[in-house]
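All residue numbers in this chain count up from 1 along the given sequence. Note: hydrogens, waters and symmetry copies are ignored here, and every other heavy atom, side chains too, is used.
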Amino acid sequence: MTASWLPDLPIVQAPMAGGPSTPELAAAVSDAGGLGFLGAGYKTADAVRADIDRTRALTSRPFGVNVFMPSHDDVDPAAVAAYRDALAPEARRLGVDPGTPGAARDDAYDAKIAVLLADPPAVVSFTFGCPDAAVVRAFQERGTTVVVTVTTAEEARLASAADALCAQGTEAGGHRGSFTNTFDGALPLRDLLRDVLAVTDLPVIAAGGLGTPDDVAGVLALGAVAAQLGTVFLRCPESGASAVHKAALADPRFTSTAMTRAFSGRPARGLVNRFLTEHSADAPAAYPDVHYVTSPLRKAAAAQGDPDIPNLWAGTAFRAAAETPAADLVRHLASRL
């Protein structure tokens, strides 16, 4: 990592697509000496541009933007249709219809790359794969640091053109950032960090299940250059997480997390609620198709204050999430360094 964006404190706020990663959160983290991140996933290119402009209005410090790589899943439309039909009773109870998968499955990737190259932030990271060499070089030529999320040593090898890697252990909340839509090869963070450091000389950010100052100090001692944390920031006032999501993280009836495809069609870790329990076994490996199917149900349930339906993304350290300003949290997380 280059000095132009390396944060004063080795704390990276994870990019959390779908609302939690607001400009206010990213700016607060960066101003406190960490590295804040915006999530470009699910947004239009224009919305990404607006988020960048807003963040720059709030801070002069470096921050990052995370981009989802296009999905290349070999989807079975019949399996998606069957899953949609199975969710019809849930949808009726909520007063909505299940969604219909859209034709585009690339999350407006090309348009977002164009926006980011036109006026790039300090850091651009990629999830669900590695961009081609031309895209990586284009950002590097503009002085932008390129980070690729990896979940195995082989993915680390494939991302050798990047400037840094983010090693995401299986404890991480939200989507597993693997190059393929699979649960295979998932490793706990400390095992993954060991394997990735053995095959690359690139700086490695450690992510997955980190929630305390001791967690941060621990991964740095193992060779990571920074710790990336997401779930612990969800209850901060600057977070855009829904009220239902924030409350569930502190609700004693939610006692564990699990990996599931039930909400999006890709493996992701969340609090174990009724929807996850009842529908995980039937959800096909079809991203973002399943995301579009379940989206109306999740939005309706959140609006109705029902925590048993939405995706309550959370890592294994979710109990460490507290209602505290992001800047205070950054300083707390770095307090053992």
Task: Inter-residue atom distance F37.CZ - C166.SG, 0.5 Å rounding - done: 8.0 Å
TODO: Please report the closest heavy-atom contact between N66 and S125, naming both atoms and the distance.
DONE: ND2-OG, 2.8 Å
TODO: Considering only NZ, NE, NH1 and NH2 on the basic side and carboxylate oxygens on the acidic side, decide whether R137 and D132 come within less than 4.0 Å.
DONE: no
Task: Under 4.5 Å side-chain linkage, directly or through intermediates, the cluster mates of V75 - done: V80, Y83, L87, L94, V96, F263, V272, F275, L276, V290, V293, L297, I309, W313
Open item on the list: Using a strict threshold of under 4.0 Å (side-chain N to carboxylate O), is an ion pair present between R49 and D46?
Closed with: no
TODO: State plainly whether one hydrophobic cluster holds both V115 and V67, where clusters connect Ile, Leu, Val, Met, Phe, Trp and Tyr through side-chain heavy atoms under 4.5 angstrom apart.
DONE: no
Open item on the list: My understanding is that only residues two or more places apart in sequence, or in another chain, count here; which of them pass ring pair (Phe, Tyr, Trp, His ring centres under 6.0 Å) with F183?
Closed with: none
- [ ] Apply ring pair (Phe, Tyr, Trp, His ring centres under 6.0 Å) to Y287 and list each qualifying residue two or more places apart in sequence or on a separate chain.
- [x] F128, H175
- [ ] Looking only at non-hydrogen atoms, find the nearest pair between G177 and T151 and report the distance.
- [x] C-CG2, 3.9 Å
- [ ] Give a yes or no on whether D85 atom CG has more than 12 heavy-atom contacts from other residues, nucleotides or ligands under 6.0 Å away.
- [x] yes
Open item on the list: Go through it in stages, so that I can follow the logic: the residues are L9 and L337, the test is side chain to side chain contact (heavy atoms under 4.5 Å, CB included), and I'd like the CA-CA distance, side-chain angles, deciding distance and then a yes or no.
Closed with: CA-CA 9 Å; L9 301 176; L337 306 181; 5.7 Å; no
TODO: Determine, step by step, whether D328 and H332 satisfy the side chain to side chain contact (heavy atoms under 4.5 Å, CB included) criterion, reporting the C-alpha distance in whole Å, the side-chain angles of both residues, the deciding distance to 0.1 Å, and the verdict.
DONE: CA-CA 6 Å; D328 291 346; H332 170 67; over 6 Å; no
Open item on the list: Strictly below 4.0 Å, N to O, side chains only: are R61 and D8 in salt-bridge contact?
Closed with: yes
Task: Salt-bridge criterion met for D214 and R336 (N-O under 4.0 Å) - done: yes
Task: Verify same cluster id: V199, L197 (apolar side-chain graph, 4.5 Å) - done: no
Open item on the list: I want to check something: taking the side chain as every heavy atom from C-beta on, are L116 and I52 in contact at a cut-off of under 4.5 Å?
Closed with: yes
Open item on the list: Which heavy atom of V148 sits nearest to which heavy atom of A162, and what is that distance?
Closed with: CG2-CB, 3.8 Å
Task: Atom CG of D74 with >12 non-hydrogen neighbours under 6.0 angstrom - done: no
- [ ] Kindly give the heavy-atom pair with the smallest separation between T212 and L333, and that separation in Å.
- [x] C-CD2, 4.0 Å
Task: Atom CD of E323 with >12 non-hydrogen neighbours under 6.0 angstrom - done: no
Open item on the list: Starting from V146, can I reach V48 by hopping between I/L/V/M/F/W/Y residues whose side chains sit under 4.5 Å apart?
Closed with: yes
TODO: Report yes if some heavy atom in the side chain of L193 is under 4.5 Å from a heavy atom in the side chain of V204; otherwise report no.
DONE: yes
Open item on the list: Testing the 3.5 Å rule here: is there a donor-acceptor pair between the side chains of N311 and R298?
Closed with: yes
TODO: May I have the step-by-step check of side-chain hydrogen bond (donor to acceptor under 3.5 Å, both in side chains) for D308 and N273, ending in yes or no?
DONE: CA-CA 5 Å; D308 278 319; N273 61 3; 5.4 Å; no
Task: Residues D191 and R194 bridged, charged N to O under 4.0 Å - done: yes
Task: Flag, side chain of T144 to backbone of P121, donor-acceptor distance under 3.5 Å - done: yes
TODO: Please report the shortest heavy-atom distance between A224 and A206, naming the atom on each side.
DONE: CB-CB, 3.8 Å
Open item on the list: I want to check something: taking the side chain as every heavy atom from C-beta on, are E155 and L165 in contact at a cut-off of under 4.5 Å?
Closed with: no
Task: Lys/Arg N to Asp/Glu carboxylate O, K43 vs D107, below 4.0 Å - done: no
Task: side chain to side chain contact (heavy atoms under 4.5 Å, CB included) assessment of L35 paired with V29 - done: CA-CA 6 Å; L35 181 70; V29 170; 5.7 Å; no
Open item on the list: Under a plain distance cut-off of 3.5 Å, with no hydrogens placed, do D31 and T59 share a side-chain donor-acceptor pair?
Closed with: yes
- [ ] Tell me whether the centres of the aromatic rings in Y42 and F68 are closer together than 6.0 Å.
- [x] yes
- [ ] Flag the pair L229 / I11 as yes when at least one side-chain heavy-atom distance between them is below 4.5 Å, and no otherwise.
- [x] yes
Open item on the list: So which atom in S239 and which in K246 form the shortest heavy-atom distance, rounded to 0.1 Å?
Closed with: O-NZ, 3.3 Å
Open item on the list: Please tell me whether R261 and N181 have a donor and an acceptor in their side chains that are separated by less than 3.5 angstrom.
Closed with: yes
